Amino acid sequence: MAISPLNPKAYYHARSISLPSRPHPLIPEFDEHLCRLRASEATSSSSKSHKLTGLRDLHDCVHSFLLLPFTQQTLAQNRHEQWVDELLDGSLMLLDICGTAKDALLQTREGARELQSSMRRRRGSENGISSEVEKYLTSRKKVKKAIHKALRNLKGMEKECRFSALNKDPETLSMVSMLREVETITLTVLESLLSSIAGATAQSKRSGWSLVSKLMQHKHVACEEAEANLSEFEKVDAALCTLLGHKNKSVNVVHVDNVHNEVAKLESSIQDLEEGIEFLSRRLIKTRVSLLNILSH
């Protein structure tokens with residue numbers, strides 16, 4: 001019989017992991033990654049890329065955990081239990097969300113690249129920029145619509161698919177608790193990422209011009225605070241709205257340069273996020289394949 005790496009006195013709690021008195025080295029490592037992610041979610045200073053890196057490390061730990069004899073034996077013995085189906089459904093849901101994020105980042109990056117190219121060609125001449133700006137903002141509306149739809153569907157799934165109650169031995173309860181906690185924190189980070197891409201933190205019934213007003217407040221300190229709370233996506237949207245607001249006037253070169261700089265920062269940010277999402281997706285696929293292989297034997 002496989003020896004449990006978990007505490008025989010461990011119990012299940014939705015938001016807490018009970019560690020063993022003599023744990024397998026993976027258990028404290030898992031808890032450390034989890035604590036770091038929780039702490040990063042509690043502060044706005046932690047970048048989305050940093051959080052994705054944290055998720056990647058956490059899922060590396062999960063994959064190693066799935067290789068333990070006790071974990072494999074427990075999963076195989078309970079392959080027909082509802083909680084196992086919930087783990088599989090959860091892994092598929094996370095992959096779907098990653099796919100939505102990938103599509104949103106790709107579409108935004110392509111739009112930003114076309115805008116940058118157009119602005120470089122018209123360097124020193126502001127004529128014709130408005131049409132390119134409007135094209136980018138139209139593309140952004142499509143991205144936001146897709147994200148908002150995905151988030152609504154996700155909320156509906158969360159209401160329908162609550163974790164089922166368990167009546168299992170302490171070791172199994174602790175193992176399931178760990179895997180469920182991974183799903184929960186991963187979902188939280190990905191939802192936050194999608195909201196950031198869509199600018200959801202500043203949208204809720206606000207138009208693009210409300211973002212402009214946040215950046216154009218009269219008090220310098222208040223303006224800096226408002227800008228600091230915006231994502232790179234929102235900053236570009238706001239800068240472009242400001243530029244469009246001058247389309248019937250002589251466009252200031254400073255406005256164009258500001259947009260150019262903000263779009264350049266956005267492209268760099270998107271590249272980091274795309275790399276993070278790609279790495280995470282590979283880990284999620286690896287974990288799902290491991291689960292399916294364990295359950296098929």
Side-chain angles (χ1 to χ4, degrees), residues 2 4-7 10-20 23-24 26-27 29-31 33-35 37-38 41 51-52 54-101 150 153-191 193 277 279-297:
S4 167
L6 306 174
N7 186 356
Y11 59 91
Y12 170 72
H13 190 280
R15 303 293 298 173
S16 178
I17 304 298
S18 295
L19 299 181
H24 187 283
L26 281 173
I27 307 304
E29 180 184 347
F30 168 90
D31 192 63
H33 289 312
L34 197 58
C35 287
L37 279 168
R38 286 173 177 168
E41 275 301 296
K51 293 174 183 177
L52 288 174
L55 282 181
R56 180 194 66 191
D57 295 339
L58 177 63
H59 281 272
D60 278 341
C61 188
V62 170
H63 178 70
S64 297
F65 182 70
L66 291 176
L67 298 179
L68 296 177
F70 168 78
T71 307
Q72 295 189 357
Q73 179 177 305
T74 302
L75 286 168
Q77 290 176 343
N78 293 273
R79 59 168 58 91
H80 300 301
E81 295 285 340
Q82 183 177 347
W83 63 264
V84 175
D85 290 335
E86 290 170 351
L87 290 176
L88 289 173
D89 291 342
S91 70
L92 193 58
M93 176 181 64
L94 295 178
L95 282 170
D96 286 342
I97 301 173
C98 279
T100 299
N153 292 340
L154 189 58
K155 293 298 181 183
M157 291 174 62
E158 288 176 340
K159 290 180 180 179
E160 296 175 3
C161 304
R162 298 292 183 182
F163 289 137
S164 59
L166 295 179
N167 183 22
K168 295 291 181 178
D169 59 273
E171 291 88 351
T172 300
L173 293 178
S174 289
M175 186 200 74
V176 177
S177 176
M178 290 174 64
L179 296 176
R180 285 177 169 179
E181 190 66 13
V182 171
E183 179 183 324
T184 298
I185 192 65
T186 304
L187 184 59
T188 299
V189 173
L190 290 177
E191 283 182 324
L193 172 61
I277 282 289
F279 282 130
L280 176 60
S281 295
R282 292 176 184 175
R283 265 66 174 185
L284 290 172
I285 292 173
K286 195 174 182 180
T287 296
R288 181 170 175 80
V289 169
S290 294
L291 280 172
L292 292 173
N293 286 338
I294 292 171
L295 298 174
S296 65
H297 291 88

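Model, not experiment: these values are computed from the prediction. Counting from 1, the numbers follow the sequence of the chain as shown.
To the nearest 0.5 Å, atoms CD (Glu29) and CG (Leu34) are separated by 12.5 Å. In this structure, CZ in Arg180 is found 8.5 Å from CH2 in Trp83, a value given to the nearest 0.5 Å. The line from CG of Leu179 to CG of Leu75 is 7.0 Å long, rounded to the nearest 0.5 Å. Interatomic distance, NZ of Lys51 versus CG of Leu58, reported as 14.5 Å (0.5 Å rounding). Atoms CE and CD, from Met175 and Gln73 in turn, are 11.0 Å apart once rounded to the nearest 0.5 Å.
With contacts defined as side-chain heavy-atom distances shorter than 4.5 Å, the pair Leu94/Arg288 does not qualify. Looking only at side-chain heavy atoms (C-beta outward), Leu187 and Met93 come within less than 4.5 Å of each other. Between Ile97 and Thr186 there is no side-chain heavy-atom pair separated by less than 4.5 Å. Put simply, the side chain of Leu295 reaches to within 4.5 Å of the side chain of Leu88, judged on heavy atoms.
Heavy-atom minimum distance, Phe30 versus Met178: CZ-O, 3.5 Å. Nearest heavy-atom pair across Cys61 and His33 is CB-CD2, 4.1 Å.
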I'd like a table of donor-acceptor pairs (distance under 3.5 Å, sequence neighbours excluded) in which one partner is a side-chain atom from residues 279-287, with atom names and distances.
residue : atom : partner : partner atom : Å
Ser281  : OG   : Ile277  : O            : 2.9
Arg282  : NE   : Glu278  : OE2          : 3.3
Arg283  : NE   : Asp60   : OD1          : 2.9
Thr287  : OG1  : Arg283  : O            : 3.1

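A donor-acceptor pair under 3.5 Å is absent between the side-chain atoms of Ser174 and the main chain of Glu171, judged by distance alone. Side-chain atoms of Asp31 do not come within 3.5 Å of backbone N or O of Ile27 as any donor-acceptor pair. Put simply, the side chain of Thr74 gets close to the backbone of Phe70: a donor and an acceptor are under 3.5 Å apart.
The side-chain contact (heavy atoms from CB on, under 4.5 Å) with Gln72 is formed by just one residue from the set Leu67, Leu66, Leu291; it is Leu67. Looking at Asp57, Leu26, Thr71, Val182 one by one, the single match for side-chain contact (heavy atoms from CB on, under 4.5 Å) with Val62 turns out to be Val182.
Contacts of Glu81 classified as side-chain hydrogen bond (donor to acceptor under 3.5 Å, both in side chains), with partners at least two apart in sequence or in another chain: Lys168.
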